[in-house]
Amino acid sequence: MERSLTLANMTRVREFILLGLSTRVGIRDALFAVFLTLYLLTLLENTLIIYLIYSRSELRKPMYFFLGNLSCLEMCYVSVTMPSLLVGLWTGPCHVPFTACMTQLFFFISLICTECTLLASMAYDRYVAICRPLHYPLLMRPQVCLGLALSSWLGGLVVSVAKITCIASLSYCGPNVLNHFFCDVSPLLNLSCTHVALTELVDFISAIVILWGSLLVAMASYVAIGRAVFRMPSAQARHKAFSTCASHLVVVGIFYSATIFIYARPSRIEAMDLNKVLSVIYTVVTPMCNPIIYCLRNKEVQGAFRRTLHRS
């Protein structure tokens, strides 16, 4: 009887209030203009890449198949978090229903896990191309590429279902204010009024498997590529390979550093301002930089773009 009364007195939170990226009115307008520009630029870059890859026959290769998947993912990824960020900058703290918050978190977790495994698949593709070129047509045949891409997308969905099931089953009794610009794991765990040890354990294990596992695959691939490049007889070939791999490593390093710092720890994060800054890096900066680093600097893509312009 006493337990029933206690549970009855717990008012379940029906909505959350997102404080947004900044609560300072003086700088919100400027930040809104900046992030809206970045959002539109990201959509434009990735739309252009998808169009070029699927309209130009010379780009129908395994590397560009993965890049097309990455561009599609980046468009979805940035569209999950950026609208709530822009609304917060335009109107101030915004009210988000509980179901909408869980839905946003579901897609966010699914896409970030997919990106981790997709980056690892892309690193493996480059490893096979450089270190085992004679076996490349066999090892990266269309069926293998499709399998790697599907496993990335489906793996992200499975992990997201497991994590959302745990997070949504927690009790949130108030306060309902999230010091963030989107519904993220750590701010929600901080608001829970029930024991979160199991949820934190699931979150930590999934982070170890997805983040650290894909990072190890990517790093092992790039280390093997580096060793192969050192053995190249041509200085020009070495310079070209190193410049390409260095730019890829910068993007991979920034993305994994930010995500691992936030998610691969078995505890709640209290420094929400730092959390928001790091979240901007992997939800805004990397989706905008990835098309430039991976595609728009690529001579094949540039050539395909010029031929498309001339044809039109």
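Side chains included, hydrogens not; waters and symmetry mates left out as well; all remaining heavy atoms used.
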Out of curiosity, [X] [atom1] to [Y] [atom2], how far, rounded to the nearest 0.5 Å?
X: Ile281; Y: Phe255; atom1: CD1; atom2: CZ; answer: 12.0 Å
X: Arg60; Y: Ile53; atom1: CZ; atom2: CD1; answer: 11.0 Å
X: Met288; Y: Leu44; atom1: CE; atom2: CG; answer: 12.5 Å
X: Ser121; Y: Asn69; atom1: OG; atom2: CG; answer: 9.5 Å
X: Leu139; Y: Cys145; atom1: CG; atom2: SG; answer: 10.0 Å
X: Ile112; Y: Thr117; atom1: CD1; atom2: OG1; answer: 11.0 Å

Is it true that a side-chain atom of [X] and a backbone atom of [Y] form a donor plus acceptor pair closer than 3.5 Å?
X: Ser160; Y: Phe106; value: yes
X: Arg141; Y: Leu138; value: yes
X: Ser151; Y: Leu148; value: yes
X: Ser152; Y: Thr114; value: no
X: Gln104; Y: Cys183; value: yes
X: Ser55; Y: Tyr51; value: yes
X: Tyr77; Y: Tyr282; value: yes

For the residue pair [X] and [Y], establish whether any side-chain heavy-atom pair is separated by less than 4.5 Å.
X: Ser110; Y: Trp153; result: no
X: Phe66; Y: Leu70; result: no
X: Met75; Y: Cys72; result: no
X: Phe182; Y: Val80; result: no
X: Val185; Y: Ile109; result: yes
X: Tyr54; Y: Ile50; result: yes
X: His135; Y: Val128; result: no

With sequence neighbours excluded, residues passing side-chain hydrogen bond (donor to acceptor under 3.5 Å, both in side chains) with Tyr136: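 Asp125.
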
Are [X] and [Y] close enough that a side-chain donor and a side-chain acceptor fall under 3.5 Å?
X: Tyr256; Y: Ser214; answer: yes
X: Tyr64; Y: Glu300; answer: yes
X: Glu74; Y: Asn46; answer: no

Would Glu115 and Leu111 satisfy side-chain contact (heavy atoms from CB on, under 4.5 Å), going step by step from the backbone distance to the final call? CA-CA 6 Å; Glu115 179 157 6; Leu111 292 170; over 6 Å; no

Which heavy-atom pair separates [X] from [Y] by the least distance, and what is that distance?
X: Ala123; Y: Ile225; result: O-CD1, 4.3 Å
X: Val159; Y: Ser206; result: CG1-CB, 3.9 Å
X: Pro287; Y: Glu45; result: O-OE1, 4.4 Å
X: Pro133; Y: Pro137; result: O-CD, 3.8 Å
X: Cys101; Y: Leu188; result: SG-CD2, 4.2 Å
X: Arg56; Y: Ala304; result: CG-CB, 3.9 Å

Criterion side-chain contact (heavy atoms from CB on, under 4.5 Å) on Asn179 and Lys276, from CA distance to verdict: CA-CA 8 Å; Asn179 185 15; Lys276 287 193 285 188; 2.9 Å; yes

In terms of hydrophobic clusters joined by side-chain contacts under 4.5 Å, are [X] and [Y] together?
X: Trp212; Y: Val209; answer: no
X: Val217; Y: Tyr222; answer: no
X: Met82; Y: Val87; answer: no
X: Val158; Y: Ile210; answer: no
X: Val161; Y: Leu211; answer: yes

Of Leu86, Leu89, Val277, which is the lone residue that meets side chain to side chain contact (heavy atoms under 4.5 Å, CB included) with Leu21?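 When side chain to side chain contact (heavy atoms under 4.5 Å, CB included) is applied between Leu21 and each of Leu86, Leu89, Val277, only Leu89 qualifies.
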
Do the ring planes of Tyr124 and Tyr127 sit parallel (below 30°), tilted (30 to 60°) or perpendicular (above 60°)?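 Ring orientation, 0 to 90° scale: tilted.
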
Exceeds 12 heavy-atom contacts within 6.0 angstrom, atom [atom1] of [X]:
X: Phe107; atom1: CZ; answer: no
X: Phe32; atom1: CZ; answer: yes
X: Phe98; atom1: CZ; answer: yes

Assess the residue pair Leu48 and Leu52 against the criterion (side-chain contact (heavy atoms from CB on, under 4.5 Å)); give the C-alpha distance rounded to whole Å, side-chain angles, the decisive distance to 0.1 Å, and a yes or no. CA-CA 6 Å; Leu48 174 61; Leu52 289 175; 4.1 Å; yes

Applying side-chain contact (heavy atoms from CB on, under 4.5 Å) to Thr81 and Asp184, what does each step give before you reach the verdict? CA-CA 10 Å; Thr81 57; Asp184 200 2; over 6 Å; no

